[in-house]
Amino acid sequence: EGERCSAAAAYLHPVMDRKNLTVITHALASRVLFEDNKAVGVEFSQKRETKQISAKHEVILCGGAFNSPQLLQLSGIGDKDELAKHGIKVIHHLPGVGKNLQDHLDFIFLNKSKDSSLFGIGLGGTINIIKSILNWRKGRPSILSTTFAESGGFLKSDPSLSDPDLQLHFVPALVDDHTRKLHFGYGYSCHVCVLRPHSRGSVSLKSSNPKDPPAINPNYLSDERDLDLLLKGAKITRSIIKGDAMKPYHHKELYLRGDESDEELKEHIRNRADTIYHPVGTCKMGVDEMAVVDPQLRVHGVENLRVVDASIMPTLIGGNTNAPTIMIAEKVADMILGNS
């Protein structure tokens, strides 16, 4: 009905009245509880109280590429030397926890326009938004039904490649620093990202306090190949933006002159490129010494504990991670039920 469907709307909200489901909100998981090497429950805090829940069968972590490795480490599963720094008792030495972090690094071209039909800040833009809100509430077509990433593309940086290695997202608005920086007027943005980066980062603990956020080091562009490819992608993206089809909408680029040398553009990429929200890999699936979970997503070395989220991907996929992560959950649900 013109709305983007979240995983919660699709899977959780329709079954909220089930007797075997309890949803607890405003709570912070602090550790998995173990008897020897068997997971038997979870400890969490809520309204300044520490509480525990027991598990009859399994504990399943779904905290994503940042919080799942954090919770494993807080629970004593990770590199023993790193855990010792924070005084955490080791349940099982698993050096791969928190390693292998990968993400799609994103560079955005920002383009000012005089077309007021785009999202923008100004009198005309404000009037358009008010009209759109009214249309939305009346069930009429509205610009507010946009997903913002109105179009995109998968590109090859070289025709000889078998698969695309770049992805574009086009947005009918100026998206600067995740929209934390606002600009008066109208414009559009085009994102470009490297689909299969070589750089690897990590997620570690700042302390043994669960309330402290994890230390996230994405280590972007640590592999020079990623920067070289992103430069190629930036040049291709700019050629599209400056093409005949976009000329009626183009006014000027923000931040860039348009005639930068390769080294100048590389430096600009280093300063402004940022995440496009696709972190994976920190609890990778596999059977090697750095793997965290097995092919059934059971944590190596302990019992009754699985990780089911994007952190289990050994390598970053060549595209968006939302649907594949849902697929992972569907597959593991079948495994748990014995249907696969």
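When a residue number appears, it is its place in the shown sequence, counting from 1. Everything numeric here is computed off the predicted structure, so don't read it as measured data. Side chains included, hydrogens not; waters and symmetry mates left out as well; all remaining heavy atoms used.
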With a 3.5 Å cut-off and sequence neighbours excluded, list the donor-acceptor pairs that the side chains of residues 245-252 form with protein atoms.
{"residue": "K247", "atom": "NZ", "partner": "D244", "partner atom": "OD1", "Å": "3.2"}
{"residue": "H250", "atom": "ND1", "partner": "Y188", "partner atom": "OH", "Å": "3.2"}

So, does H278 use its side chain to make a donor-acceptor pair with the main chain of N320 at under 3.5 Å? no

Note to self: Donor-acceptor pair, distance only, cut-off 3.5 Å: does the side chain of Q73 make one with the backbone of P69?
What the structure shows: yes

- So, N100 side chain and G201 main chain: donor-acceptor pair closer than 3.5 Å or not? no

Q) Looking only at atom types and distance, does a side-chain atom of S113 sit under 3.5 Å from a main-chain N or O of G187, one as donor and one as acceptor? A) no

For G281, is there any backbone N or O sitting under 3.5 Å from a side-chain donor or acceptor partner on S311? no

Kindly say whether E264 contributes a backbone atom to a donor-acceptor pair with the side chain of S261 at under 3.5 angstrom?
yes

Notebook entry, point to check: Okay, side chain of R298, backbone of P295: is any donor-acceptor separation there less than 3.5 Å?
Noted result: no

Take D158 and S160 through the side chain to side chain donor-acceptor pair (under 3.5 Å) test and state the conclusion after the steps. CA-CA 5 Å; D158 188 291; S160 64; 2.5 Å; yes

| In terms of hydrophobic clusters joined by side-chain contacts under 4.5 Å, are L33 and L74 together? | no

If only atom types and distance count, is the side chain of K138 paired as donor or acceptor with the main-chain N or O of I133 below 3.5 Å?
no

| Is there a donor-acceptor pair under 3.5 Å between the side chain of E58 and the backbone N or O of A55? | no

Quiz prompt | Main-chain N/O of L105 paired to D103 side chain as donor or acceptor, under 3.5 Å | solution = no

